[in-house]
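Heads up, the thing below is written out as structure tokens.
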Amino acid sequence: MTMNDADKSTERQALRAPRGTRDVISPEVERWQAVEGAARSTFARYGFREMRTPIFEDSNVFEKGTGESSDIVQKEMYRFRDLGGHDLTLRPEGTPPVVRAYLEHNLGQSRDVARFYYIGPMFRYERPQKGRYRQFHQIGAEAFGSESAAVDAEVIDMAMTWLTDLGVGPLSLQVNSVGDHDDRPAYLRKLTAAQADLLGEMSEESRKRHEINPLRVFDSKDPRDHAVIEKLPTIIDHLSDENRAHFDEVCGYLSDWGVEHTVEPRLVRGLDYYRRTVFEITSSALGAQDALLGGGRYDGLVAEMGGEDVPGVGFAAGLERIVLALPETEAAASIDCYVVTVARDLGPHALHLMRDLRATGLRCTADFQGRSMKAQMKAANRSGAPAVAILGPDELAKGVCTVKWMESGEQREVSLDGLADDLGAALVGRQNS
Ligand code: AMP
């Protein structure tokens, strides 16, 4: 290899997307849009409005919000100093920024329940694998201001409705309660003591978690920990009467509404702020990374971040994983009509015609390279457009063009003035058939 080749190959490597990130290109991007569109319409039906927060925040937002003992803050943050020396972090999750914005803009002033959803990229320095990326996308929802179990149940129902309507592969909903300041301290003492007796059988990671946050031992994926986890006391058996009643009410609503769920006493979530209800939705359509969505109640977080004692409940779902779990569907054509010109000098007429078609809502395009008619027809075919409008000098003189329907091969002359109506009617007919 000459020096020059070596330079070129590093140059080529430097131009790849960073590890753990991916480009989303058609036809995959249309699947993303379908998931996002369904979220917007389902969430709106439950009274949620979109909130867009910055992609980076003061690092404190996550240290306080996500919690210092979480894996995210301990080892996964994209944290940097900007040129002004500010300590910033690319958001690893959506809840703390939404809480920050809720407080900054005094959105709790009216004391009404405030409901928000967000859609956007998150960043975590994790080991990439299928379904796990360093830049990934979440769709999440948060409801502030009510302790009612009805809000927990509605949020869960909204998540299930969205994923079910989308046709995501077999779903399973697990729910649990992780208690709160009433019952958790006594339970944690019991848990810590039980773990202390089992330290010899635990993985190193779980021994560390035992020190930092013993609840997180339940999260271990290490097979060595499975037997240990089976032997540990579960929080759901140690709930205060009030928390037990709250949890039973959540489950009662879900059962009433026919939302299938399983109580999973060992379900805990990887973040420090959860209190009482936690839940997770998994899909057997996925491999090892089968969690589509996770959430729970986080009463206390708003106060922790400097606000009043406002309760909250929400969830976050992984967009990439939902798309992976969607059934394969044929990509819909992205344009309705491709315009082909017989001679190069007809370009301006084609442009004019396309502007008229677009004004009526039709999607159309053409080959802008002055290529032969044969090459243009091939491009039209590749574009997937159901109709091709062919413009020739003789037709133009008569005020018509030839429309070819690609699937049937049927071809006929249509007046230029009536083309939009003609195409529109035929396309609607195709959709309905
Ligand atoms: P979390 O914010 O950790 O509770 O995760 C909520 C959801 O986001 C998970 O159920 C996944 O679907 C998704 N998710 C979390 N981390 C990643 C990641 N690194 N790559 C892709 N999706 C992720």
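Numbering of residues begins at 1 and proceeds along the displayed sequence. Counting starts at 1 for both ligands and their atoms, following the listed order.
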| task | For ligand 1, indicate whether the residue Q138 contacts it via side chain, backbone, both or neither (heavy-atom separation under 4.0 Å). | result | side chain

| field | R134 and ligand 1 - part of the residue with a heavy-atom distance under 4.0 Å | value | neither

Under 3.5 Å, is there a donor-acceptor pair between the [X] and [Y] side chains?
X: S172; Y: Q174; result: yes
X: T95; Y: E142; result: yes
X: D225; Y: S203; result: yes
X: E28; Y: W32; result: yes

Backbone or side chain, does any N or O of [X] fall under 3.5 Å from an N or O of ligand 1?
X: G318; result: yes
X: R269; result: yes
X: Y133; result: yes
X: L292; result: yes
X: A291; result: yes

| query | What is the minimum heavy-atom distance between P121 and I55, and which atoms define it? | reply | CG-CD1, 3.7 Å

Just need the protein heavy atom nearest to [atom], so name the residue and atom and give the distance.
atom: atom 19 (N) of ligand 1; answer: E126 OE1, 2.6 Å
atom: atom 14 (N) of ligand 1; answer: F136 CE1, 3.6 Å
atom: atom 21 (C) of ligand 1; answer: G131 O, 3.2 Å

| query | Given M122, R321, R124, which one has a non-hydrogen atom that is nearest to atom 3 (O) of ligand 1? | reply | R124

| How about F48 and Y117: are their ring centroids closer than 6.0 Å? | no

| field | Validation row, ring centre F144 to ring centre Y102 under 6.0 Å | value | yes

| query | Does E76 pair with R127 as a salt bridge, N-O distance under 4.0 Å? | reply | no

| What are the atoms of ligand 1, with element, lying closer than 4.0 Å to any heavy atom of L293? | 10 (O)

